[in-house]
Amino acid sequence: MSINASGWRPEAPVAGGKASPTVTGNKGLMLEEALIFEIGDAGTTGVDFSEAPPLQGRGWGGAVPGAGLGETPPTPNPSPEGEGLARLGSLARTTPIGLPGLSEPETVRHYTRLSRQNYGIDLGFFPLGSCTMKHNPRLNEKMARLPGFADIHPLQPIDSVQGALGVIHELATWLITLTGMHGVAMSPKAGAHGELCGVLAIRAALEAKGEGHRKIILVPESAHGTNPATAAFAGYQVEDIPATAEGRVDTAALIARLGPDVAGVMITNPNTCGLFERDMRTISDAVHAAGGYVYCDGANFNAIVGRVRPGDLGIDAMHINLHKTFSTPHGGGGPGSGPVVLSEALSPFGPLPFVAKQADGHFALIEEETAGDDHPQAFGRMVAFHGQMGMFTRALTYILSHGADGLRQVAEDAVLNANYILRSLDTTLDAPFGASGPCMHEALFSDNGLATGFSTIDIAKGLIDEGFHPMTMYFPLVVHGAMLIEPTETESKAAIDQFVAALRSVAERAKAGDVSLKSAPHFAPRSRLDETLAARKPVLVWKERPLAEAAE
């Protein structure tokens, strides 16, 4: 071993050495972080305020309304914190506010440390099935932050937001073209919100025909999990349609159930087993012949965008998750966006408002006051404002930067990556529908074949130790111990190979009965929780400990 210029000699680790618990609880540079209430001190603040000046009159700083010249203004209301708070009157605080006090460095460090414990798409491969966690191009973010889009207000005059309305209109045109549909409602704020929009349009269309008595929505077992909840929320009764042994809708069972009480079917295609519903046109024709409508969940549109137009399959309504197919960010507190494309039969019943291009090239926002006699059948309004303008801008940027050919390649690469994972792991993990042919955008495995006492949860926790966010677990429900993996098109082969190697290693440990998996993760900031107890009895409120107890 050589010695560097300073004379320091690095020491080799001692074989068999065991790490001791740290005094701080930190693990290397993964710092243990207390609650902000535990860090804060009531006597600390990150900002210094000057004393409020004495106030005259009732605290309005000057003459008091109603007091004539030469008259003495009324005495301000007494305040326990000084004359400067007199303006608050009886609203002045008399007890401690109960919030933690931190200096600016403490505050910055606290939230920075918490952010390091988050897992996001910018950190690594995010294999959540049915979620399409793809890379969000920075070009999209740059466009969304342009002043003409980021700084506008929903109550500005229409003439001052023509560019923003033009973006909404152009995005709507692309969505209609890509889906082969007749119209689109841009106002829904998320996928489930879009589902409700589509079902309400179906209800309005049925009521317009005098068929409001139809109260049944059929939902296949392979449909997206929110579909039955949406139908029930809209006032419909939900009936399940079974799946076949190969993971697709039992078409014969669905057709046999159709009748005068059925309002429609909510189907997901590609479905949650990662398979394309090959009988989709047959199903649509049968539903229409029976007087119903077809709602398609568009959560998995990324698998077919640019390749298949849902309108050609007889779909009447379908929501599109802009955060999935068109790469706008997931979550983050919103706002999200779930536009709903509509067939010619349902377009008249879509919600207000919507953007219309006028003959002179200007854009108008058609609302209740301006709809007139042209849109008398609109079922109502889903939102107050188009607050998801940033999502529209990001999605349109993504579409224009890809073009029609690029969007087609998106679907092709997403399907290719999923099949690569399926065939790389089908000799290690059970692939219940592996014999059904190629999958679409996501690969589905089960916990069949693991050692007794081991299940999907153990594999998921083991993956955390390997540095990966777990896949979607126990969904879809038609597969016991389901593991649903979606790589999207933005993952490289090297990233997928690393994930496959990690998952194969953990699966082999579970098959061999490695008991250490039962207590994984070991290298995360927190070890395994009692998830049932955490879900049923969550501790979400912090309460200050008595001083005597805190001193022990």
Side-chain angles (χ1 to χ4, degrees), residues 130 185 188-244 247-269 271-273 277 279-300 310 313-319 321 338 340-343 345-346 348-351 377-382 474-479:
S130 200
K189 293 294 184 68
H193 201 210
E195 290 176 23
L196 181 62
C197 174
V199 173
L200 292 180
I202 289 174
R203 186 172 71 181
L206 289 173
E207 290 176 349
K209 295 192 298 183
E211 297 183 10
H213 61 275
R214 293 176 178 263
K215 295 296 184 182
I216 304 296
I217 293 286
L218 305 180
V219 181
E221 291 179 347
S222 59
H224 210 248
T226 51
N227 293 175
T230 297
F233 186 80
Y236 286 98
Q237 301 173 39
V238 178
E239 293 188 13
D240 294 337
I241 298 298
T244 64
R248 294 183 171 89
V249 176
D250 188 330
T251 305
L254 188 152
I255 293 176
R257 179 56 189 87
L258 295 174
D261 59 341
V262 174
V265 59
M266 295 184 77
I267 194 167
T268 304
N269 192 23
N271 66 29
T272 55
C273 296
E277 295 288 356
D279 295 335
M280 191 66 241
R281 186 75 224 194
T282 300
I283 292 172
S284 296
D285 291 344
V287 173
H288 293 154
Y293 293 93
V294 179
Y295 185 92
C296 182
D297 189 301
N300 299 333
L313 303 177
I315 304 300
D316 290 299
M318 184 183 85
H319 79 264
N321 301 97
V340 178
V341 286
L342 301 166
S343 66
L346 288 187
F349 303 95
Q377 296 177 302
F379 72 72
R381 192 181 188 99
M382 295 291 294
Y474 302 111
F475 179 79
L477 300 179
V478 295
V479 172

Between Ala317 and Leu346 the two heavy atoms that sit nearest each other are CB-CD1, 4.0 Å

Here the gap from Leu200 atom CG to Glu207 atom CD, rounded to the nearest 0.5 Å, amounts to 9.5 Å

Min side-chain heavy-atom separation Phe379-Arg203 under 4.5 Å
no

Between Arg214 (side chain) and Val262 (backbone), is there a donor-acceptor pair under 3.5 Å?
yes

If you compare all heavy atoms of Thr244 against all heavy atoms of Val249, which two are closest, and at what distance to 0.1 Å?
CG2-O, 3.8 Å

Side chain to side chain, Val265 and Pro220, heavy atoms closer than 4.5 Å:
yes

Answer yes or no: is there a donor N or O on one side and an acceptor on the other, between the side chain of Asp297 and the main chain of Ala223, under 3.5 Å?
no

Can you name the closest pair of heavy atoms from Leu342 and Ala201 and give their distance?
CD2-CB, 4.5 Å

For the CD1 atom of Ile217 and the OG1 atom of Thr230, what is their distance to the nearest 0.5 Å?
10.5 Å

Between the CD1 atom in Ile255 and the CG atom in Leu218, the distance rounded to the nearest 0.5 Å is 11.5 Å

Please check if the side chain of Ser284 supplies one atom and the backbone of Leu313 the other of a donor-acceptor pair under 3.5 Å.
yes

Between Glu195 and Asn227, is any pair of side-chain heavy atoms under 4.5 Å apart?
yes

dist Phe349:CZ -> Cys197:SG (nearest 0.5 Å) comes out at 13.5 Å

Measure the shortest side-chain to side-chain distance between Gln237 and Asp261 over non-hydrogen atoms and say whether it is less than 4.5 angstrom.
no

What's the separation between atom CG in Asn321 and atom OG in Ser130, rounded to the nearest 0.5 Å?
9.0 Å

Less than 4.5 Å apart, any side-chain heavy atom of Leu206 and any of Tyr293?
yes

Measuring only between side-chain heavy atoms, which start at C-beta, is Ile267 closer than 4.5 Å to Val294?
yes

Cys296 side chain near Met280 side chain, heavy-atom distance below 4.5 Å
no

Go through the structure and list residues passing salt bridge (charged side-chain N to carboxylate O under 4.0 Å, His left out) with Asp279, not counting sequence neighbours.
none

Calculate, to the nearest 0.5 Å, the distance between atoms NE2 and OG1 belonging to His319 and Thr226 respectively.
6.5 Å

To check you understand the geometry: which heavy-atom pair defines the closest contact between Cys273 and Gly247, and what is its length?
SG-O, 3.8 Å

Which atom names give the shortest non-hydrogen contact between Ala263 and Tyr236, and what distance separates them?
CB-CE2, 3.6 Å

Please determine whether side-chain contact (heavy atoms from CB on, under 4.5 Å) holds for the pair Asp250 and Glu221, giving the CA-CA distance in whole Å, both sets of side-chain angles, and the decisive distance to 0.1 Å.
CA-CA 9 Å; Asp250 188 330; Glu221 291 179 347; over 6 Å; no

If you measure only the distance, is there a donor-acceptor pair under 3.5 Å linking the side chains of His224 and Asn300?
no

Distance-only, no hydrogens or angles: does the Thr272 side chain make a donor-acceptor pair with backbone N or O of Ser222 under 3.5 Å?
yes

Report the C-alpha separation of Val199 and Met266 in whole Å, then their side-chain angles, then the decisive distance to 0.1 Å, and conclude whether the side-chain contact (heavy atoms from CB on, under 4.5 Å) test is met.
CA-CA 9 Å; Val199 173; Met266 295 184 77; 3.9 Å; yes

Minimum-distance pair of heavy atoms, taken over all atoms of Ile241 and Ala253:
CD1-O, 4.3 Å

Quick check against the 3.5 Å criterion: does Asn269 have a side-chain atom that pairs as donor or acceptor with the backbone of Glu277?
yes

